[in-house]
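Because only heavy atoms are used, hydrogens play no part in the values below, and waters and symmetry mates are left out as well, while side chains stay in. A quick note: this is a predicted structure, and the numbers were derived from the prediction, not measured. Starting from 1, each residue takes its place in the sequence as its number.
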Amino acid sequence: MGKKRELDSSDDIYAHTAGAIGVLGMILAALMALKTALGLPWWATVVLVVAVLVLLGYAAWWVRARVARLWARRAEAPTPTPEVRAEAGEEASVPSHPELTAALSRAGAIGPDEIIRLSDVRTEKLPVGVRYEFLLPEARTHENVAGRLGPIASMLGVTRLHLKLETSRYNEREVGLLKLDRPPFTQEFAPPTREEIRAYPGVPLGHDITGALVGVPTFDKASMLVAGMTQMGKTTLVNGMITCLLVAYGKFDLYLLDGKICGLTKFEQLATRYEASDDPAVMESMLDELLTRVDSRYAQMQDAIRNRRPAPRFDPVFFIIDEAADFYVDNGTSKSKETVRRVEDKSRKLVAKSLESGIATVMLTQRPDKDAIPVKVREQFQYRMCLYVSSKGSVEVALGDSYFTTTAPINPVLMNPNIKGQAVLFAQGSSTLLRGFNFPDAFIWGVVDEIHAQRNKAAAERPQSPRQKAIALMRGQQVEFITSADLAAAMGVTETDPTAAGKALNQLMGVKACKKSAGRGYLLADLAAAEAAGS
């Protein structure tokens with residue numbers, strides 16, 4: 001094979017050499033013919049031929065370049081229709097808003113050949129910044145802006161937290177954009193008055209970046225998870241929330257589980273049940289009591305439907321747990337592990353099942369990691385709030401795994417940790433940056449004392465029932481079960497026959513006794529549920 005390739009290469013050399021000799025011969029013959037025809041010397045003939053060939057080459061290059069350029073223009077810019085030419089002429093003549101057009105175009109919210117028309121922009125100067133209300137170009141929607149708020153803020157020379165996006169219910173292209181002059185909440189807003197709280201359409205939780213009240217429309221059929229690192233203002237925020245609930249709702253039952261031991265003490269005298277503990281068994285006891293109330297309320301709802309009566313109206317119930325993560329940690333013993341397992345299951349059941357019965361749960365935790373509160377419990381919360389945390393993973397635990405794919409998300413990691421009480425509220429699919437109320441102690445005590453006095457007056461006008469006395473007795477002794485014999489003695493039942501005494505107690509309590517290892521008696525959860533149902 002190597003020999004054959006060498007022979008082929010030699011043949012090629014001989015062929016090219018012969019061809020070159022032939023071409024030289026033809027050129028020499030042509031030059032001699034031209035010299036004889038024109039009668040010129042050799043050197044003049046060569047110069048003439050070279051000049052002619054150069055001119056012909058330049059002419060060919062010029063023609064080829066012009067043809068190629070013409071085809072390129074036609075390919076890149078096809079001839080527009082009359083409508084397109086009219087629109088292009090109109091667009092070129094319309095002035096644009098220079099700041100918004102440059103920011104949105106460079107951030108990718110609109111195309112490089114699109115503009116924000118000056119006539120479609122309305123600018124309003126506010127005490128905290130500037131608000132723009134404008135229309136996007138056709139085929140663009142507010143989602144194009146919502147997905148690029150970070151780059152837009154950069155183009156405007158501020159941070160993402162300086163911007164607030166507002167959308168329209170009537171036009172997808174209409175956008176409101178507030179740009180703060182200073183970082184949010186560097187100026188503290190005054191807490192609202194009672195009149196302002198009552199006038200708010202829902203439950204206010206704090207101020208937004210403009211100073212307006214912001215919160216949730218209702219806690220009916222909704223619960224809330226509040227997460228954030230320690231010393232970020234969670235307890236102050238929830239104290240403000242309870243104060244607003246007392247002013248806005250008036251009459252409701254409050255169950256407080258104070259895992260911080262003294263974080264919710266201000267409201268102890270108004271609570272239906274108050275416990276200062278971090279013991280999972282205490283939480284299980286409160287869950288049992290509330291689940292009994294849930295079952296009782298659902299039974300009344302079913303009875304109303306069966307008998308074609310209007311649905312019963314229940315007083316709202318709020319179960320607020322501070323430092324909730326502590327109640328899902330066992331101490332390593334089998335008994336403790338089993339208790340925590342039951343607490344997890346009952347927590348999920350309460351948050352999921354209580355929505356239709358008017359019982360709302362609010363959990364606070366300073367450990368927003370994936371193991372702090374079980375997933376099966378976290379997934380049940382409709383409202384989420386996240387104060388400052390140090391990682392994106394903690395944000396996703398607090399606000400949901402898919403939070404950063406929602407419209408205009410706000411990253412709590414970017415908040416200033418030195419400004420306490422800042423939080424991102426994620427409710428009904430939208431995010432709001434707020435700062436919780438920091439009411440003076442005098443204001444909170446004033447609300448508590450006023451409502452406590454009203455309840456005492458109502459209680460004085462309505463004598464305490466035997467069941468209410470039994471509930472107060474058991475809560476005072478911090479017991480979940482009391483035997484019929486002990487309760488009969490406390491209630492002044494004088495029957496000596498156990499059967500007769502039991503019948504008398506059943507009539508007084510309105511609840512049937514149950515059997516436990518200690519004997520027949522009454523559960524606190526059953527008595528509390530019956531009292532709540534009869535109130």
Side-chain angles (χ1 to χ4, degrees), residues 203 205 215-216 219-230 232-242 245 252-261 263-264 267 271 273-291 294 316-329 340-355 358-387 389 394-401 403 412 421 423-427 436:
V203 181
L205 300 174
V216 294
F219 270 100
D220 185 27
K221 301 179 183 179
S223 294
M224 177 181 285
L225 175 66
V226 182
M229 297 177 66
T230 183
M232 288 296 108
K234 291 188 303 301
T235 302
T236 300
L237 188 148
V238 78
N239 273 257
M241 182 186 73
I242 296 173
L245 286 172
F252 62 89
D253 288 342
L254 186 61
Y255 286 75
L256 299 177
L257 182 50
D258 195 352
K260 194 175 280 187
I261 309 304
L264 305 175
F267 308 99
R273 182 174 177 182
Y274 172 86
E275 299 285 353
S277 171
D278 58 1
D279 185 356
V282 174
M283 183 172 182
E284 183 181 19
S285 169
M286 298 185 77
L287 288 168
D288 288 338
E289 183 173 334
L290 287 166
L291 286 170
V294 170
V317 177
F318 291 91
F319 181 30
I320 300 177
I321 310 111
D322 199 0
E323 303 303 342
D326 293 343
F327 299 98
Y328 299 99
V329 179
V340 169
R341 186 197 64 77
R342 292 197 305 269
V343 167
E344 289 182 9
D345 187 62
K346 292 176 181 179
S347 299
R348 180 204 60 78
K349 186 177 179 181
L350 177 67
V351 179
K353 190 178 178 181
S354 64
L355 298 181
I359 299 177
T361 303
V362 179
M363 287 191 181
L364 293 85
T365 178
Q366 68 178 12
R367 293 195 290 114
D369 55 69
K370 63 181 181 180
D371 299 322
I373 295 178
V375 175
K376 64 182 181 181
V377 178
R378 286 203 318 265
E379 289 177 345
Q380 306 302 321
F381 290 95
Q382 289 74 33
Y383 299 148
R384 306 288 190 96
M385 192 180 296
C386 185
L387 289 84
V389 291
S394 297
V395 177
E396 292 174 340
V397 169
L399 301 180
D401 294 337
Y403 173 69
V424 174
L425 171 65
F426 184 56

Hey, are the side chains of [X] and [Y] touching, using non-hydrogen atoms and a 4.5 Å cut-off?
X	Y	answer
V294	I359	yes
K234	L387	yes
V329	V340	no
M363	V377	yes

Please name the pair of heavy atoms, one in [X] and one in [Y], separated by the smallest distance, quoted to 0.1 Å.
X	Y	value
S347	L287	OG-CD1, 3.6 Å
E284	V343	CB-CG2, 3.9 Å
L205	M224	CD1-CE, 3.7 Å
A227	A398	CB-CB, 3.7 Å

Query raised in the report: Can you check side-chain contact (heavy atoms from CB on, under 4.5 Å) on E323 and D278, steps first, answer last?
Result: CA-CA 8 Å; E323 303 303 342; D278 58 1; over 6 Å; no
Report task. With M385 as reference, evaluate L237, L364, V216, V424 under the side-chain contact (heavy atoms from CB on, under 4.5 Å) test and give the passing residue. Result ->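 Testing M385 for a side-chain contact (heavy atoms from CB on, under 4.5 Å) against L237, L364, V216, V424 leaves exactly one candidate, L237.
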Query raised in the report: Can you name the residues that form a ring-ring contact (aromatic ring centres under 6.0 Å, His included) with F219, not counting sequence neighbours?
Result: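 F219 satisfies ring-ring contact (aromatic ring centres under 6.0 Å, His included) with F318, Y383 once adjacent residues are dropped.
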Approximate separation, where rounding is to 0.5 Å, of [X] [atom1] and [Y] [atom2]:
X	Y	atom1	atom2	value
L225	F426	CG	CZ	13.0 Å
R348	K376	CZ	NZ	6.5 Å
D258	I320	CG	CD1	10.5 Å
L254	F267	CG	CZ	8.5 Å
K221	S354	NZ	OG	12.0 Å
L264	E275	CG	CD	12.5 Å

Just to verify, what does [X] make a side chain to side chain contact (heavy atoms under 4.5 Å, CB included) with, not counting sequence neighbours?
X	result
F327	L257, M283, I321
S277	D279, V282
V395	V389, L399, Y403, F404, N411, P412, V413
L291	K346, K349, L350

**Report entry** S223 backbone acceptor or donor facing Q382 side chain under 3.5 Å
**Finding:**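 Yes: the side chain of Q382 pairs with the backbone of S223.
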Query - Heavy-atom donor-acceptor pair, N239 side chain to G263 backbone, under 3.5 Å - result: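 Side chain of N239 to backbone of G263, a donor-acceptor pair under 3.5 Å: yes, one is there.
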Requested in this report: Please identify each residue that fulfils salt bridge (Lys or Arg N to Asp or Glu O under 4.0 Å) with E289, with sequence neighbours left out.
Outcome: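 E289 satisfies salt bridge (Lys or Arg N to Asp or Glu O under 4.0 Å) with R273, R475 only.
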Requested in this report: Please step through side-chain contact (heavy atoms from CB on, under 4.5 Å) for the pair V226 and M241, ending with a clear verdict.
Outcome: CA-CA 12 Å; V226 182; M241 182 186 73; over 6 Å; no
